[in-house]
Amino acid sequence: MPELPDVEGFRRVLDSCVRGRSIERVEVADPGVLREVTPWRLERALVGRCFAEPRRHGKWLIAATDGPVVLLHFGMTGSLVCCSPADPLGRHDRVAFVAGERQLRYRDQRKLQGIRLVADQDGVRRALSELGPDALDVGPAEFDELIDGRRARIKAVLMDQSVLAGLGNLLADEILWRARVAPDRQAAGLAAEERRRIHRAMRRVLRDSVRVGHIPAGSTWLTGRRDSPDPACPRCGTRLRRGRITGRTTLWCPHCQGEGQALSGAAGVPAVEQDPSDDPGRE
DNA sequence: CTCGTTGTTTCGAG
DNA sequence: ACTCGAAACAACGA
């Protein structure tokens, strides 16, 4: 689940749960989720400290305190939950930050070392230095620059965290579907008009999903179709195509987005360019 | 037992 | 040097 909108949701959970509260204890049920920090050192560094306003960059949650900073990543299955001491420890509750009657629990089915500890803002900067700008902060001009000259397929570029931070597999499919661009088009081969459509779709998809804290599975979203065995395009009803890009399952509509360059030939801009007959999709 | 999964990191080819 | 993509990582469910 966790892509940018989900992490933004976790940020709000942290904010309302423990911001301004003093950390009494850090309970590490499973040290497997800690990266380069021992349970003992984590506890030592945080006890007595106060959670400040949390920030987010891409899929990273930046949990600052009046001392060190905790960095949280949620991999594919992680989440953050606000609990009371009475709530029984779930099977996948790996770490609990205890602050009085509230406790913030890091929950993850897997153990992909999503929790880091850094001393200060400079440590945050160093730890996240490989990331591109947060996808929500990228305007149209910057988007163009980021895409410019990339030989990879557009979906791979959108998911590349060093280019743009925050988009994952589901969002990338959703955005390209809305922009009516096939996911296997080479980024460098996109027309200015297509890049603009992708950027606008990105803004729209992010805005709508950040609002609810996850990617909506509504009837006008591609994402909800993912699990059905024979999914149809929410816009035109055409049977969706399923493929694999950069090792991830990719869904697209051959009618709205074109077959993709592999099938449309070297000269071809797919028949997406003229948009008279297609209705512009509704929310 | 096999395959698949929303994520990142690492390695090797072009 | 740079860019890309596949594999590895790991735990679980179908």
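By convention in this document, chain letters (A, B, ...) are assigned in the order of the sequence lines, proteins followed by strands, and residues within each chain are numbered from 1. This one's a predicted model, so the numbers in the text were calculated from it and none came from an experiment.
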Colleague: CZ of A/R35: more than 12 outside heavy atoms within 6.0 angstrom?
Modeller: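 Result for CZ/A/R35: enclosed.
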Colleague: Which nucleotide wins on minimum distance to the side chain of A/R153, given the candidates B/dT6, C/dC12, C/dG5?
Modeller: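 The answer is C/dG5, which lies nearest to the side chain.
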Colleague: Can you work out whether A/K111 or A/G247 has the more 5'-proximal nearest nucleotide on DNA chain C?
Modeller: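 This one resolves to A/G247.
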Colleague: Where the side chain of A/A152 is concerned, which of C/dG5, B/dT6, C/dC12 is the nearest nucleotide?
Modeller: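 Closest of the options to the side chain of A/A152: C/dG5.
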Colleague: Quick check on A/R44: does its CZ atom have over 12 non-hydrogen neighbours (other residues, nucleotides or ligands) under 6.0 Å away?
Modeller: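 It does not: A/R44 CZ has 12 such atoms or fewer within range.
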Colleague: Which whole-number value in Å describes the distance from A/Q161 CD to B/dT10 P?
Modeller: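 Taking atom P of B/dT10 as the reference, CD of A/Q161 is at 15 Å.
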Colleague: Start with the C-alpha gap between A/C82 and A/C17, add the side-chain angles, then the distance that decides, and say whether disulfide (SG to SG under 2.5 Å) holds.
Modeller: CA-CA 6 Å; A/C82 188; A/C17 188; 2.1 Å; yes
Colleague: Ignoring the backbone of A/T246, work out which of C/dG5, C/dC4, B/dT6 is nearest its side chain.
Modeller: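 The answer is C/dG5.
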Colleague: Taking CD from A/Q186 and C1' from C/dT3, how many angstroms apart are they, rounded to a whole number?
Modeller: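 Taking atom C1' of C/dT3 as the reference, CD of A/Q186 is at 12 Å.
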Colleague: Roughly, in whole Å, what's the span from CG in A/D93 to P in C/dA11?
Modeller: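 These atoms are roughly 16 Å apart.
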Colleague: Between B/dT6, C/dC4, C/dC12, which nucleotide gets closest to the side-chain atoms of A/R150?
Modeller: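 The listed nucleotide nearest to A/R150's side chain is C/dC4.
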Colleague: May I ask which nucleotide in the shown strands pairs with B/dC1, Watson-Crick or G-U wobble, both distances under 3.5 Å?
Modeller: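 Partner of B/dC1: none found under 3.5 Å.
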Colleague: Looking only at the side chain of A/T249 (C-beta and beyond, no hydrogens), which of the listed nucleotides B/dT6, C/dG13, B/dT8 gets closest?
Modeller: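 For A/T249, the side-chain atoms sit closest to B/dT6.
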Colleague: Could you state the atom-to-atom distance from CH2 of A/W221 to C1' of B/dT6 in whole Å?
Modeller: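 Spelled out: CH2 on A/W221 to C1' on B/dT6 is 15 Å.
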Colleague: Round to the nearest Å and state the distance from A/D173 atom CG to B/dT5 atom P.
Modeller: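 Rounded to whole Å, this separation is 11 Å.
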Colleague: Distance check needed: B/dT8 P versus A/E3 CD, whole Å only.
Modeller: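 Spelled out: CD on A/E3 to P on B/dT8 is 9 Å.
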Colleague: When the C1' atoms of B/dT6 and C/dC4 are compared, how many Å lie between them, rounded to an integer?
Modeller: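 Their C1' atoms lie roughly 22 Å apart.
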Colleague: Any donor-acceptor pair under 3.5 Å joining the side chain of A/R110 to the base of B/dT5?
Modeller: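 Answer is yes: a donor-acceptor pair is held.
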Colleague: Kindly say whether A/G90 contributes a backbone atom to a donor-acceptor pair with the side chain of A/D93 at under 3.5 angstrom?
Modeller: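 Indeed, once roles are kept as given, a pair shorter than 3.5 Å links the two residues.
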Colleague: Check whether the side chain of A/R244 and the base of B/dG4 form a donor-acceptor pair under 3.5 Å.
Modeller: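 Looking at the base of B/dG4, it does not pair with any donor or acceptor on the side chain of A/R244 (distance under 3.5 Å).
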Colleague: Taking for each residue the nucleotide of DNA chain B with the nearest heavy atom, is it A/R151 or A/R35 whose nucleotide lies nearer the 5' end?
Modeller: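 Looking at DNA chain B, the more 5' nearest nucleotide goes with A/R35.
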Colleague: Please check: side-chain N/O of A/Q161 versus main-chain N/O of A/L167, any donor-acceptor pairing under 3.5 Å?
Modeller: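 Side chain of A/Q161 to backbone of A/L167: a pair is present.
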Colleague: Is the shortest side-chain N/O distance from A/H92 to OP1 or OP2 of C/dA11 below 4.0 Å?
Modeller: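 A/H92 to C/dA11 OP1/OP2: no side-chain N or O under 4.0 Å.
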Colleague: In the strands shown, is B/dT6 matched to any nucleotide by a Watson-Crick or G-U wobble pair with both distances under 3.5 Å, and which?
Modeller: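 The base-pairing partner of B/dT6, which may sit in any strand shown, does not exist here.
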Colleague: Which whole-number value in Å describes the distance from A/L72 CG to B/dG7 P?
Modeller: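 The answer, rounded to whole Å, is 17 Å.
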Colleague: Can you measure A/E36 atom CD to B/dT9 atom C1' for me and round it to whole angstrom units?
Modeller: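 Going from CD in A/E36 over to C1' in B/dT9 covers 12 Å.
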Colleague: If you check every side-chain atom of A/R91, which of C/dC12, B/dT6, C/dA10 has the closest atom?
Modeller: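 Nearest to the side-chain atoms of A/R91, counting from C-beta on, is C/dC12.
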Colleague: Under 4.0 Å between any heavy atoms, over every strand shown, what does A/Q113 touch: base, sugar-phosphate, or nothing? Just pick one.
Modeller: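 The answer is nothing, as A/Q113 stays clear of every strand by at least 4.0 Å.
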Colleague: If the test is side chain to side chain contact (heavy atoms under 4.5 Å, CB included), which one of A/R197, A/R200, A/R204 qualifies with A/R178?
Modeller: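 Of the listed options, the one satisfying the test is A/R204.
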